[in-house]
Amino acid sequence: METKNKKAIVTGGTRGIGRAIVKELATNTSYKGVLSDVAFIYNKSDEAAQHLVNELKNSQTKVFAIKADVASFEETQRAISEAIEKLGGIDFLINNAGITRDTLLLRMSEKDFDDVIDANLKSVFNCTKAVLKNLVSQRSGRIVNISSVVALIGNPGQANYVASKAGVIGFTKSVAREVASRGITVNAIAPGFIKSDMTDKLTDEQKQKLVHNIPLGKIGTPENIAKMVAFLCSDDAEYITGQVFAVDGGLTM
Ligand code: NAP
């Protein structure tokens, strides 16, 4: 019997972790119920978006790119409607888009704070709200929010970022309770130090210091996070909701 592809929306699909998530969902055959047509949302990287769509052109799934700023409520509603229309529905939402504006609190401007909260936390509200009616009426769905280990332990120079990522955890648990009776699970992943454009900004000295504190002795890959997303979307994860999974090489144990 032929099984139909699932339908997934991934925010921040052009680079780093989001890109790995798009590829994983569009090609995964090892977990049951994961293989998906994917609409990914991105903000600025037009070339990277086109490249990813081309790269996945020959997969068994359809992959679409939609340009929108997920920090904006109106733009997000438009983008998610377009995504649901193109996909013909929605099963999985992966809230991955995020930014940093690191500096010590004494130097942090109001704009540094607001921009990070809007891109990392309000975006999760914007996207989740836009898909929820569909998921509730079909009485199934998976939402996976990408938080960060710094939300669990704090980090100097990242008060804005940490506040946004801790907010994502609180949001995850509250919405998980609201929608559990409708067959929808909501979980968060807290990545540790993962190789991407975001962490490439760190100096070699900062990187060495970070790796020194990781029990597994190395930085993670975007694929390490994408595999956890695939598991949480799979049929095997049906009884898991409201949880936060640190994928961090042991950093926060
Ligand atoms: P990245 O390489 O900087 O990529 C960020 C992605 O988010 C890009 O695709 C970007 O799109 C998109 N994006 C940013 N702001 C957006 C907006 N307003 N609207 C739509 N898309 C937007 O980041 P990453 O390292 O892969 O991180 C992905 C997620 O994991 C983030 O939430 C981050 O906080 C979290 N995380 C990362 C690490 C790590 O070590 N890398 C650790 C913990 C948590 P454009 O390129 O088009 O702008």
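Counting begins at 1 with the first residue of the sequence. Whatever order the structure lists ligands and atoms in, that order sets their numbers, starting from 1.
- Annotation: Lys207, atom NZ; neighbour count of heavy atoms from other residues, nucleotides and ligands within 6.0 Å is above 12.
- Ion pair Asp46/Lys67 flagged as a salt bridge, since at least one NZ, NE, NH1 or NH2 atom sits closer than 4.0 Å to an Asp/Glu carboxylate oxygen.
- Looking only at protein heavy atoms, the nearest one to atom 2 (O) of ligand 1 is Arg15 NH1, 3.6 Å.
- Near Ala68, meaning under 4.0 Å from one of its heavy atoms, ligand 1 places the atoms 19 (N), 20 (C).
- Taking 4.0 Å as the cut-off between side-chain N and carboxylate O, Glu223 and Lys23 do not count as a salt-bridged pair.
- Atoms of ligand 1 found under 4.0 Å from any heavy atom of Ala97 (numbered from 1 in listed order, with element): 7 (O), 13 (N), 21 (N), 22 (C), 32 (O).
- When the options Gly98, Ser147, Gly220, Ser164 are ranked by their closest heavy atom to atom 5 (C) of ligand 1, first place goes to Gly98.
- A salt bridge does not link Asp91 with Lys7: every distance from a Lys NZ or Arg NE/NH1/NH2 to an Asp or Glu carboxylate oxygen is 4.0 Å or more.
- Shortest contact from atom 40 (O) of ligand 1 to any protein heavy atom: Ile194 N, 2.8 Å.
- Here is the list of ligand 1 atoms found below 4.0 Å of a heavy atom in Lys44: 45 (P), 47 (O), 48 (O).
- Looking at Thr14 against ligand 1, both its backbone and its side chain come within 4.0 Å, counting heavy atoms.
- Among all protein heavy atoms, the one lying closest to atom 23 (O) of ligand 1 is Met198 CE, 3.8 Å.
- Residue Thr199 approaches ligand 1 through these ligand atoms, each under 4.0 Å from one of its heavy atoms: 39 (C), 40 (O), 41 (N).
- Between Gly192 and ligand 1 there is a heavy-atom distance shorter than 4.0 Å.
- Heavy atoms of Asn96 approach ligand 1 to within less than 4.0 angstrom.
- At least one heavy atom of Lys165 sits under 4.0 Å from some atom of ligand 1.
- Taking every non-hydrogen atom of Asp69 and a distance limit under 4.0 Å, the qualifying atoms of ligand 1 come out as 17 (C), 18 (N), 19 (N).
- Among the atoms of Ser148, none of the N or O lies under 3.5 angstrom from an N or O of ligand 1.
- Contacts with ligand 1 closer than 4.0 Å are made by side-chain heavy atoms of Ile99 only, the backbone lying farther away.
- Transitive grouping of hydrophobic side chains (ILVMFWY, heavy atoms separated by less than 4.5 Å) brings Val38 and Leu52 into a common cluster.
- In terms of protein heavy atoms, atom 19 (N) of ligand 1 is closest to Val70 N, 3.0 Å.
- Taking the charged nitrogens against the carboxylate oxygens, Lys111 and Asp115 do have a contact shorter than 4.0 Å, which makes a salt bridge.
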* **Residues Glu74, Arg78; criterion salt bridge (charged side-chain N to carboxylate O under 4.0 Å, His left out); working and verdict** => CA-CA 6 Å; Glu74 288 75 25; Arg78 186 224 6 110; over 6 Å; no
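- Taking any N or O of Val149, backbone or side chain, none lies under 3.5 Å from an N or O belonging to ligand 1.
- The protein non-hydrogen atom at the shortest distance from atom 30 (O) of ligand 1 is Ile146 CG2, 3.4 Å.
- Between Asp112 and Arg101, no side-chain nitrogen of the basic residue sits less than 4.0 Å from a carboxylate oxygen of the acidic one, so the salt-bridge criterion is not met.
- Judged purely by atom type and a 3.5 angstrom limit, Glu75 uses its side chain to pair as donor or acceptor with the backbone of Asp69.
- With respect to Asp37 and Lys6, no salt bridge is recorded, no charged nitrogen being found less than 4.0 Å from a carboxylate O.
- Summarising the geometry, atom CD1 belonging to Ile94 is positioned 9.0 Å from atom OG1 belonging to Thr11; distances are rounded to the nearest 0.5 Å.
- For atom 24 (P) of ligand 1, the nearest non-hydrogen atom of the protein is Ser196 OG, 3.6 Å.
- At least one N or O atom of Asn43, backbone or side chain, sits closer than 3.5 Å to an N or O atom of ligand 1.
- Set against the non-hydrogen atoms of Tyr161, the atoms of ligand 1 under 4.0 Å away are 33 (C), 34 (O), 35 (C), 36 (N), 43 (C), 44 (C).
- The shortest N or O to N or O distance between Gly12 and ligand 1 is under 3.5 Å.
- Near Ser45, the atoms of ligand 1 lying under 4.0 angstrom from a non-hydrogen atom of the residue are 45 (P), 46 (O), 47 (O).
- A donor-acceptor pair under 3.5 Å links the side-chain atoms of Asn126 to the main chain of Val70, judged by distance alone.
- Taking only non-hydrogen atoms, the option from Ile17, Asn95, Val22, Ile189 nearest to atom 37 (C) of ligand 1 is Ile17.
- Close contacts between ligand 1 and Asp197 involve ligand atoms 2 (O) [criterion: under 4.0 Å to a heavy atom].
- Across Ser234 and Tyr31, no two heavy atoms sit closer than the pair CB-CB, 3.7 Å.
- With respect to Lys209 and Glu205, no salt bridge is recorded, no charged nitrogen being found less than 4.0 Å from a carboxylate O.
- Closest approach of Arg142 to Thr185, counting heavy atoms only: CD-OG1, 2.8 Å.
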